[in-house]
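To keep things clear, I will list the structure first and then write my remarks on it.
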There are 4 protein chains.
Amino acid sequence: MSPKRVDKSARRQEILEAAVRVFARRGFAAGRIEDVAAEAGIAKGSVYLYFDSREEILQAAFEALAAGSREIVGRARTPGTPPLDRLAALIRDVIASVTVSPEPARLLLDLYGSGAREEGLPLHMAEIYREYRTVIAALLAEAAAEGSARPGVGAAEAAVIVGAIEGCLLQWIIDPALPITELTGPIVTVCLGGVR
Amino acid sequence: MSPKRVDKSARRQEILEAAVRVFARRGFAAGRIEDVAAEAGIAKGSVYLYFDSREEILQAAFEALAAGSREIVGRARTPGTPPLDRLAALIRDVIASVTVSPEPARLLLDLYGSGAREEGLPLHMAEIYREYRTVIAALLAEAAAEGSARPGVGAAEAAVIVGAIEGCLLQWIIDPALPITELTGPIVTVCLGGVR
Amino acid sequence: MSPKRVDKSARRQEILEAAVRVFARRGFAAGRIEDVAAEAGIAKGSVYLYFDSREEILQAAFEALAAGSREIVGRARTPGTPPLDRLAALIRDVIASVTVSPEPARLLLDLYGSGAREEGLPLHMAEIYREYRTVIAALLAEAAAEGSARPGVGAAEAAVIVGAIEGCLLQWIIDPALPITELTGPIVTVCLGGVR
Amino acid sequence: MSPKRVDKSARRQEILEAAVRVFARRGFAAGRIEDVAAEAGIAKGSVYLYFDSREEILQAAFEALAAGSREIVGRARTPGTPPLDRLAALIRDVIASVTVSPEPARLLLDLYGSGAREEGLPLHMAEIYREYRTVIAALLAEAAAEGSARPGVGAAEAAVIVGAIEGCLLQWIIDPALPITELTGPIVTVCLGGVR
DNA sequence: CATGAATGAGGTTTCATTCAT
DNA sequence: CATGAATGAAACCTCATTCAT
């Protein structure tokens with residue numbers, strides 16, 4: 001199966017991770033293919049054996065990011081615990097996943113900027129946020145039905161909660177001095193308190 | 001002595017606004033000086049009569065942006081009304097100011113990305129957010145002292161509130177279909193509810 | 001005759017002198033019309049009221065230079081003193097004239113460089129040097145006829161003498177620490193000694 | 001490890017030689033990188049694989065030039081023959097080396113002009129001339145001690161001799177019709193006669 | 001498969017020249 | 001006459017992409 005040592009898809013993954021690190025470090029616009037190759041420990045030209053273009057690397061990086069989000073959303077959809085517990089878990093999950101590996105989120109910030117705008121990337125980001133809002137709105141509705149949240153909470157409050165999460169991460173990405181890990185509790189408290 | 005015809009500073013302002021529009025539309029990295037000139041209705045070379053470099057345009061754009069923020073923060077510092085009323089006003093102010101003219105905020109998203117990263121721009125952004133947090137933390141402390149917020153609320157909750165504001169704007173900028181104006185009320189409700 | 005205060009030709013002269021200073025200071029290639037205007041105390045556009053183009057300024061500057069040379073050559077042609085005395089005087093004159101106002105000579109060095117090469121400027125320089133050689137060759141021939149120089153000296157020795165003069169000036173222009181004034185005597189001594 | 005095909009340093013040398021030809025032909029200020037690339041038979045961008053900037057090409061060209069001068073000076077320092085013989089040889093060497101390949105000398109004329117002035121290049125030229133003067137002054141002193149030159153000849157006469165050499169070359173460069181090869185003898189004769 | 005030299009389109013910046021005031 | 005804002009051609013340099021080895 002593996003003709004040499006690394007198969008095509010594993011090497012592709014390595015390059016992708018190198019690219020995410022480079023783009024996160026220097027910005028998407030400033031991150032050159034040569035940097036990515038160096039970070040991956042291969043030659044510049046070899047990158048093109050695995051990706052057709054610089055743009056495709058970005059697309060793939062975004063896909064990886066979206067996959068992580070979908071997993072978190074999926075967990076929040078899985079019933080079994082009270083809705084507000086699942087909301088709290090989702091908040092913790094998102095913060096934790098970004099905190100553990102901030103590069104993709106840093107890259108995300110670039111996506112709207114750089115030239116990606118016209119290529120449809122922001123649409124993907126919009127979709128991710130929309131999914132977050134949808135699942136949170138469902139949890140809030142469930143909670144309202146149970147009486148653990150005030151009646152009427154829904155889409156708008158979901159947007160605010162997504163905002164609180166992403167806005168805190170934004171602040172942290174821009175200013176790493178902000179103690180993001182100590183913020184998880186307050187986000188949960190404020191958001192949950194705000195919908196009761 | 002005789003201002004010939006055009007006021008140098010007025011023309012500079014025109015170019016700056018054109019630049020903000022271009023950068024907001026295409027991203028800072030992709031916005032070319034030629035685009036800025038075209039948007040301002042002048043020739044490429046004329047831009048350099050008013051700005052020394054592309055970078056200086058970005059600096060100036062950021063300065064203008066920061067000035068708007070400082071004004072809003074200043075208003076929140078002015079006593080005379082109950083602290084939570086001032087917090088609510090600040091939230092409404094920020095949302096309104098971005099809603100009225102979203103280009104600067106769109107540009108803001110680019111600042112961390114593009115090449116701006118190393119040039120110190122994000123430090124400025126970090127400062128703006130820090131100011132927001134500081135003034136909100138002060139309002140919360142005042143409210144706690146009055147009994148209109150629960151004891152102990154402070155820096156962490158301030159970060160969450162800034163996050164909610166900026167995170168909602170982020171969602172809107174990325175997905176203009178989001179009804180941002182209808183979100184102002186819920187942001188206030190959730191944030192104020194969350195600190196009581 | 002003078003409608004305002006300065007007549008056209010006087011102003012032209014002022015600009016020319018400013019141009020020579022600027023070009024000598026910054027090099028011909030790097031000396032901008034704006035610098036010339038500033039040095040002359042007028043506005044950039046006004047330069048074009050007196051000269052059709054940057055190139056024309058250079059031509060005029062060269063003309064002024066050539067006029068100085070022709071005057072010196074003319075003096076050497078005037079009989080009345082022994083030929084070697086006139087040669088010595090010519091050497092002293094050239095050194096003195098450049099020493100007193102080195103800018104034109106500095107500019108001269110640029111002429112071959114810069115873009116002037118194809119525009120025929122060096123031909124003019126070649127002519128100046130040819131005139132020097134011609135007059136010196138005549139003086140040497142006269143001296144040889146008199147017996148104050150060895151028989152046979154002529155064109156070749158004239159070229160060497162012109163070389164010694166110009167080569168010393170070249171060294172001084174490039175390295176102003178060289179005591180050019182103390183070199184006049186030795187140039188005369190070596191050159192005259194070399195043709196006896 | 002395997003040098004692929006082209007030797008990087010050989011290619012660098014090729015480009016350097018092309019650059020010297022172009023700069024000598026059109027002047028340093030007017031010689032464009034594109035011209036250099038065309039002369040070397042490669043594309044514009046490829047030049048930058050071997051040189052960081054246009055300025056670096058100039059530096060390297062000058063280095064090569066200085067190396068040639070140093071070799072000639074070194075030979076004059078090597079004892080074994082009478083000092084005035086070595087002086088005559090040095091004169092012949094310099095004339096021959098420039099005659100064989102005049103481009104570097106043509107380029108040299110540009111160095112003081114163009115933008116090189118502020119970048120320290122003329123200092124290097126000043127140094128080369130200083131070295132020539134130093135070695136010639138030493139030869140003259142030696143000759144004076146031997147009695148083959150008159151007592152007292154030294155630095156000043158050395159400057160005159162360097163001037164004669166360089167001044168003759170200057171005339172030739174500006175006016176190639178001048179029979180430079182026939183001038184070597186007279187330079188030697190005049191200079192040596194002038195110090196006896 | 002892997003390489004890295006080569007390419008050239010495209011971006012920023014400069015500055016001689018023009019022209020409306 | 002004088003001005004200086006405006007112009008745009010042209011230069012330098014970068015870097016995504018290709019391709020011969």
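To find a chain, count down the sequence lines: A is the first, B the second, and so on, and within it residues start at 1. Since the model is a prediction, treat every value here as computed from it, not as a measurement.
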Would you give the length of the straight line joining atom [atom1] of [X] to atom [atom2] of [Y], rounded to the nearest 0.5 angstrom?
X	Y	atom1	atom2	value
B:Asp35	B:Arg25	CG	CZ	8.0 Å
B:Glu103	B:Leu65	CD	CG	11.5 Å
C:Ile174	D:Glu127	CD1	CD	12.5 Å
C:Leu16	C:Leu58	CG	CG	10.0 Å

Any heavy-atom pair between the side chains of D:Phe23 and D:Val36 that's under 4.5 Å?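 With C-beta onward as the side chain, the pair touches.
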In this structure, how many angstroms lie between the [atom2] atom of [N] and the [atom1] atom of [X], rounded?
X	N	atom1	atom2	result
D:Phe23	F:dA11	CZ	C1'	12 Å
D:Asp35	F:dA10	CG	P	13 Å
C:Leu49	F:dG4	CG	C1'	12 Å
D:Arg11	E:dA6	CZ	C1'	9 Å
A:Ile15	E:dA2	CD1	C1'	11 Å
A:Tyr50	F:dT17	OH	P	18 Å
B:Asp7	F:dG4	CG	C1'	15 Å

Mapping D:Ala43 and B:Ser46 to their closest nucleotides on DNA chain E, which lands nearer the 5' end?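 Between the two, 5'-proximity favours D:Ala43.
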Do any N or O atoms of the protein come closer than 3.5 Å to N or O atoms of nucleotides 10-14 of chain E, and which pairs are they?
residue : atom : partner : partner atom : Å
E:dG10  : O6   : D:Lys44 : NZ           : 3.1
E:dG11  : OP2  : B:Arg32 : NE           : 3.4
E:dT12  : OP1  : B:Arg54 : NE           : 2.6
E:dT12  : OP2  : B:Ile33 : N            : 3.2
E:dT13  : OP2  : B:Tyr48 : OH           : 2.5
E:dT13  : OP2  : B:Arg54 : N            : 2.9
E:dT13  : O5'  : B:Tyr48 : OH           : 3.3

Could you check whether D:Arg26 pairs with D:Glu39 (Lys NZ or Arg NE/NH1/NH2 to Asp/Glu carboxylate O, under 4.0 Å)?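 Looking at D:Arg26 and D:Glu39, the cut-off is not met.
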Who does F:dT21 pair with, Watson-Crick or G-U, both distances under 3.5 Å? E:dA2
Please name the nucleotide paired to F:dA10 by Watson-Crick or G-U wobble geometry with both distances under 3.5 Å, or report none.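 By the stated definition (distances under 3.5 Å), E:dT13 pairs with F:dA10.
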